[in-house]
Amino acid sequence: MVHRMQRRMLRGAALVVAAALVLAGCGIGAGPTDVGLTDKPVTLTMSWWGADARTQKTLEAIKLFEADHPNIKVEPQYADWNGYWDRLATTTAAGDMPDVMQFDEVYLTSYANRGTLLDLQKVSSVLDTSALSPDTLDSGRVGGTLDAVPIGAAPNGVIINKTLFDQYGVALPDTATWTWEQFTQAAVQLQTASGGKVNGVSLFGNDAFPLNIWARQHGDQLYGSDGKVAISPETVASYFQRELDWIKAGASGSASEWAEGNGNTLDQADIVTGRVGMMFIPAGSLTSYQSAAPKFTYVIANWPTDPDTKPGFQYLKPSMYWAASARSEHPAEAGLLINFLTNDIRVAKLFGVDRGVPANPKFRDALSAGLDANTKMAFDFTAAMATESGPAPAPTPNGASDVQTMIGRYNQQALFGQLSPEDAGKAFVEELQRSIDAAS
Amino acid sequence: MTELRRWVRALSKHVALIVVAVLMIYPLLWMVASSLRPNDEIFTSPGLLIDTFDFRHYPDGWNALARPFSTYLLNSAIVVAGSVVGNLISCSLAAYAFARLQFSAKRIAFVIMLIAIMLPVHVLIIPQYVLYAQIGWINTFLPLIVPKFLATDAFFIFLMVQFIRGIPVELDEAARIDGAGHARIYLQIMLPLMIPALATTAIFTFIWTWNDFFSQLIFVTKPDLYTVPVALRSLIDAQSQSDFGALFAMSVISLVPVFLVFLFGQRLLLRGIATTGGK
Amino acid sequence: MTALGELRALSAPRGMQSAREKAARGRDNKAAAIFLAPWLIGLIGITLGPMLMSLYLAFTNYNLLQNPQFTGLENIQRMLGDERLGASLLVTAIYVLVSVPLQLAVALALAILLDRGVRGLPLYRSVFYLPSLLGASVAIAVLWRLVFGGQGLLNALLSLFGIQGPAWIAEPQTALGTLIVLHVWTFGSPMVIFLAGLRQIPRELYEAASTDGAGRWRQFRSITLPMLSPIIFFNLVLGLIGSFQTFTQAFIISNGTGGPADSTLFYSLYLYQEGFSSLRMGYASALAWLLLIIIAAFTAVNFWAAKYWVFYND
């Protein structure tokens, strides 16, 4: 009896597995069959990550869109950052990807290269991208297809807590022309004047953005156009060494102080709690920092330079993208929704700078009238940097989606003295390249 | 003299208990305090004193997402209720078989049961999702509840097996001589004697399900069906400003049912001895 | 027949089973089929398929977005040279070996203390269980940083005694320790199970021992421990299985990085990073099955050792 049951059990399990594999296998390749709009009722799923404020604004935008297109119903899905990517990977593996998605640069190539994203050029009849500058739009292209439309783009800058500098009577150098030496000096002065209560500058952190700017300042770059790691181990080592120098000079807190804040959300950052005077951030976030810390006044400045710093080191990094699923049953409607999110002025007013400094100039114009001082500063800074920017960097290659944790890990090993900056730089470059090789 | 010694002993016992209790309760008090603070003071105040009271977080958090928070509490309640009932029935049935019945392949079955809980959820979730998608269960509570009716929480089977083994086997034999079959022994002897284990199972299932994030995140993507843990995480974002005050306020609210259930469930743990006559 | 007996019999050659034993074993087949029906259906319909699929994926290169490609033993070869795998095994081993016994000892001690008719028992029990209720939530992660940070509560307390503590949670040497503290702090779960187990011990045994003049310690050694041994065994086995799989606590405290400098890189966290952040689910599946083998080995040893100290009524 039970033996028979066991045999039946195994057979059943085998069937389930086979079915699962077949289903998992059809995650790609099917492609849209019809790119025309329909009058029949259509349901689109749309997903994003973010906190409640963004969710509320996005839901309102969806209502506007649904009012314009009565036959289209948009089903929202939202989650926090980690949950979002776990869920997206799972649903994609099962062939159940949402129709329209908010996307991030680190995952863009990984998903696009595997054919999971819709080539938005196929829906160009409903999706107008002409408002975006070609450079900006290019950041959404992976290997000849337009896989995503950038939402916002901003340079990296130094956020400065003006309140703290004033409070401790430390004069800021002219931030338009400051050198690395002046920068470090200002940080040391602040730390000394506060009696150690406030640190001068936060260490670079896990983000790949400042590492790439650093590389570009030294005539290097993180990735090459061939999709390989281009940065030299020496450049990475100098990046880690700079942090060690700051700690030694009394411009930054200790390695453990930094590690303590590592992985904190924006609200918990030392720059928000007033425990540090300066930090490197994507300029689009300035408004978020400001509203998280109403009692401080922040300003933003360009990166310091040295006399031999290469010009054109800045670039505008897309804060986020909109993308659509290659397996969407309603590609045209998905394109229509992205078009609405990209071009409708009402969306500009609704979203403001929540998803970064808008990439669409018309959005920026629409917002410029009612800007608070801080957001205006972010806009002006972005505009100024746009003119100084060098060529857009190569996108994060397939297989490098975990570059941030990798930077963080080797950074910590260097800071805690487990590896020399040189060894950490070398190991980082090797591991990153291995990861890319394994994925292709 | 002995009176004094006994008194000192009782006192020192209570002092020890109170010290431990403070360590245990501190986080809860801090959570409540944080839910009443302005957002920018939460991360700088490990203490309990509040400078400015800010009750705003409760209404804000309640209405922060597409639906009032009661929706998510209700969703979680449905999932939890189903899970508790499912685990109580299915696990006690299986446990009775493992503890009291002699059948072929019992050892193998027992080993398989234990092995099934040794794989981390992260490598199982995708095949599971594919499976549930195939039968149309995604965006329902079925993937969260039905498995509990099928005794997939082997943890509790094992727990109950251990408890049943603590029940003298003479009781079954006496009943069998009286002509009772397995169904009657299970219903009339085992279940009443297992009440502490059943209460433990119910409490644990409740709390774990109430706090479980990952499977609820993956199997339910429609916001109207979000459960409390998923809704709570939707209040924060690493890269933009989050409403931590609202998060703490709603965390406090979502703790109330759990705490009540535990207080109530405790009585059941005690009733265990009452019905067995303090045997 | 004890669980241990079953395993012992399992390892014995088939021919050594007596005819009587065989007959006894098959005695309740029909009843067992009914009692186990839900479990069997669950096993076949829900559990087994995904398990076998993950076993298959362990021998593939699977990036979640494309079909898995069979690569034979490549994942296993990679494991042999994987430094982070070694690091995560070490972290997990230290954690399991320290925190499981520690948590059980604390839970047992307090359960016995509470079982001995303390005034205000329900209150204490509820309060002790609180940390387990809170789970590993985001709120706890925030608090843990405020307590164990460089300028946290603990150091403020230590400074009263003139000690300057490190940033416990951020130093590679001490970060794992704070997670062990966090685990021990949630001793409420095993404590509740111990309490339920203590309820099962007949009071008459203690009364009889008392009249025989046995002291508290003797009573504990000769009554409480043996009578509670199945429950201790249960808590130990499940504590091991659970601790080897520890994920959520490590994830929320380090925000998924396993930092500082991989000092809290738990095995499950590494597996998750590989599977979901790096999109290498094939390798993650291989890691998962290695974990299964390790846990199964530990559990088997436990069952084997149980015959020397676990006492059953049946």
Side-chain angles (χ1 to χ4, degrees), chain B residues 17 20-21 24-25 27-28 30-31 46 90 93-94 96-97 101-104 106-107 110 114-120 122-124 127-128 131 147 149-152 155 158-159 162 165-169 182 196-197 200 207 211 236 247-248 251 255 258-259 262-263 266 269 272-273 278-279, chain C residues 6 9-10 24-29 31-32 35-36 38-39 41-42 46-47 49-51 53-54 122 124-131 133-135 137 139-140 143 146-147 152-153 192-193 196 199-200 202-203 230-231 234 238 241 245 268 271-272 275 284-285 288 292 295-296 312-314:
Chain B
L17 286 174
V20 179
M24 298 294 120
I25 206 168
L28 181 76
W30 180 81
M31 259 175 79
S90 66
L93 283 172
Y96 179 78
L101 301 182
Q102 306 302 326
F103 57 94
S104 324
K106 179 168 161 183
R107 289 160 279 143
F110 195 78
L114 277 185
I115 281 184
I117 54 171
M118 292 179 188
L119 269 187
H122 296 111
V123 297
L124 296 175
Q128 281 171 355
L131 183 68
F149 278 89
L150 301 176
T152 48
F155 178 90
F158 188 21
L159 174 74
Q162 296 303 88
R165 288 210 167 133
I167 297 170
V169 80
H182 287 298
T200 311
I207 292 159
N211 288 329
I236 45 168
L247 171 77
F248 283 103
S251 300
L255 267 179
V258 190
F259 196 65
F262 184 69
L263 276 179
Q266 274 207 63
L269 282 174
I273 32 165
K279 57 155 197 100
Chain C
E6 285 152 25
L10 181 69
R25 177 132 313 143
R27 192 178 72 201
D28 302 323
N29 271 357
F35 275 90
L36 284 177
W39 178 73
I41 296 170
I46 292 175
T47 313
M51 274 185 82
M53 172 137 173
S54 78
Y124 281 126
R125 195 166 38 198
S126 308
V127 168
F128 288 176
Y129 197 67
L130 262 177
L133 294 184
L134 294 174
S137 64
I140 292 303
L143 176 67
L146 288 176
V147 171
L153 265 189
V192 165
I193 296 175
R199 293 291 167 199
Q200 265 199 334
R203 298 285 133 168
I231 304 304
F234 167 81
L238 267 298
I241 296 179
Q245 295 186 17
S268 294
L271 181 153
Y272 164 84
S285 300
L292 183 140
I295 297 178
Y312 289 106
N313 253 337
D314 52 1

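Proteins come first, then strands; the chains are lettered A, B, ... in the order of their sequence lines, and each starts at number 1.
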Nearest-0.5 Å distance, [atom1] of residue [X] to [atom2] of residue [Y]:
| X | Y | atom1 | atom2 | value |
| --- | --- | --- | --- | --- |
| Ile241(C) | Leu114(B) | CD1 | CG | 5.5 Å |
| Ser54(C) | His122(B) | OG | NE2 | 13.5 Å |
| Ser126(C) | Phe259(B) | OG | CZ | 5.0 Å |
| Phe149(B) | Ile41(C) | CZ | CD1 | 13.0 Å |
| Gln128(B) | Met53(C) | CD | CE | 11.0 Å |
| Leu159(B) | Ile193(C) | CG | CD1 | 5.5 Å |

Worksheet item: Looking at Leu292(C), Thr47(C), Ile231(C), Leu271(C), which makes the most heavy-atom pairs under 4.5 Å with chain B?
Response: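 Answer, by heavy-atom pair count under 4.5 Å with chain B: Leu292(C).
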Worksheet item: With chain B, which of Gly152(C), Pro38(C), Ser285(C), Ala296(C) has the greatest number of heavy-atom pairs at distances under 4.5 Å?
Response: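 Option with the top pair count is Pro38(C).
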Discussion item. If you count heavy-atom pairs within less than 4.5 Å of chain C, which of Val258(B), Leu119(B), Ile25(B) leads?
Written reply: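 Heavy-atom pair counts peak at Leu119(B).
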Worksheet item: If you count heavy-atom pairs under 4.5 Å between each of Pro27(B), Ser251(B), Ala116(B), Pro147(B) and chain C, which one has the most?
Response: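 The residue among Pro27(B), Ser251(B), Ala116(B), Pro147(B) with the greatest pair count is Pro27(B).
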Item to complete: Please lay out, stage by stage, how Phe103(B) and Phe35(C) fare under the test ring-ring contact (aromatic ring centres under 6.0 Å, His included).
Response: CA-CA 11 Å; Phe103(B) 57 94; Phe35(C) 275 90; over 10 Å; no
Toward chain C, the part of [X] with a non-hydrogen atom under 4.5 Å:
| X | result |
| --- | --- |
| Phe155(B) | both |
| Leu247(B) | side chain |
| Leu124(B) | both |

Practice prompt. Determine yes or no for a side-chain-to-main-chain donor-acceptor pair under 3.5 angstrom, with Gln245(C) supplying the side chain and Ile117(B) the backbone.
Written response: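 Checking the backbone N and O of Ile117(B) against the side chain of Gln245(C), a donor-acceptor pair under 3.5 Å is found.
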Discussion item. For the backbone of Pro230(C) and the side chain of Gln162(B), can you confirm whether one donor and one acceptor N or O come within less than 3.5 Å of each other?
Written reply: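 Checking the backbone N and O of Pro230(C) against the side chain of Gln162(B), a donor-acceptor pair under 3.5 Å is found.
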Item to complete: With sequence neighbours excluded, tell me which residues meet side-chain hydrogen bond (donor to acceptor under 3.5 Å, both in side chains) with Tyr129(C).
Response: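 So Tyr129(C) forms no side-chain hydrogen bond (donor to acceptor under 3.5 Å, both in side chains) with any residue.
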Worksheet item: Got a sec, which residues hit side-chain hydrogen bond (donor to acceptor under 3.5 Å, both in side chains) with Ser268(C), two or more places apart in sequence or on another chain?
Response: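 Expected list: none.
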Practice prompt. Apply side chain to side chain contact (heavy atoms under 4.5 Å, CB included) to the pair Trp39(C) and Leu150(B), showing each step before the final yes or no.
Written response: CA-CA 5 Å; Trp39(C) 178 73; Leu150(B) 301 176; over 6 Å; no
Item to complete: Quick one: do Leu36(C) and Leu93(B) satisfy side chain to side chain contact (heavy atoms under 4.5 Å, CB included)? Show the steps, please.
Response: CA-CA 7 Å; Leu36(C) 284 177; Leu93(B) 283 172; over 6 Å; no
Worksheet item: So Phe262(B) and Leu130(C), side chain to side chain contact (heavy atoms under 4.5 Å, CB included) or not? Walk me through it.
Response: CA-CA 9 Å; Phe262(B) 184 69; Leu130(C) 262 177; over 6 Å; no
Worksheet item: Taking all non-hydrogen atoms of both residues, which atom of Ala288(C) and which atom of Val123(B) are closest, and how far apart?
Response: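 Scanning both residues, the minimum pair turns out to be CB-CG2, 3.6 Å.
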Fill in: Residue part contacting chain B, namely of Ile46(C), when any heavy atom lies under 4.5 Å
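Both parts, backbone and side chain.
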Fill in: Steps toward side chain to side chain contact (heavy atoms under 4.5 Å, CB included) verdict (Leu146(C), Trp30(B))
CA-CA 11 Å; Leu146(C) 288 176; Trp30(B) 180 81; 3.2 Å; yes
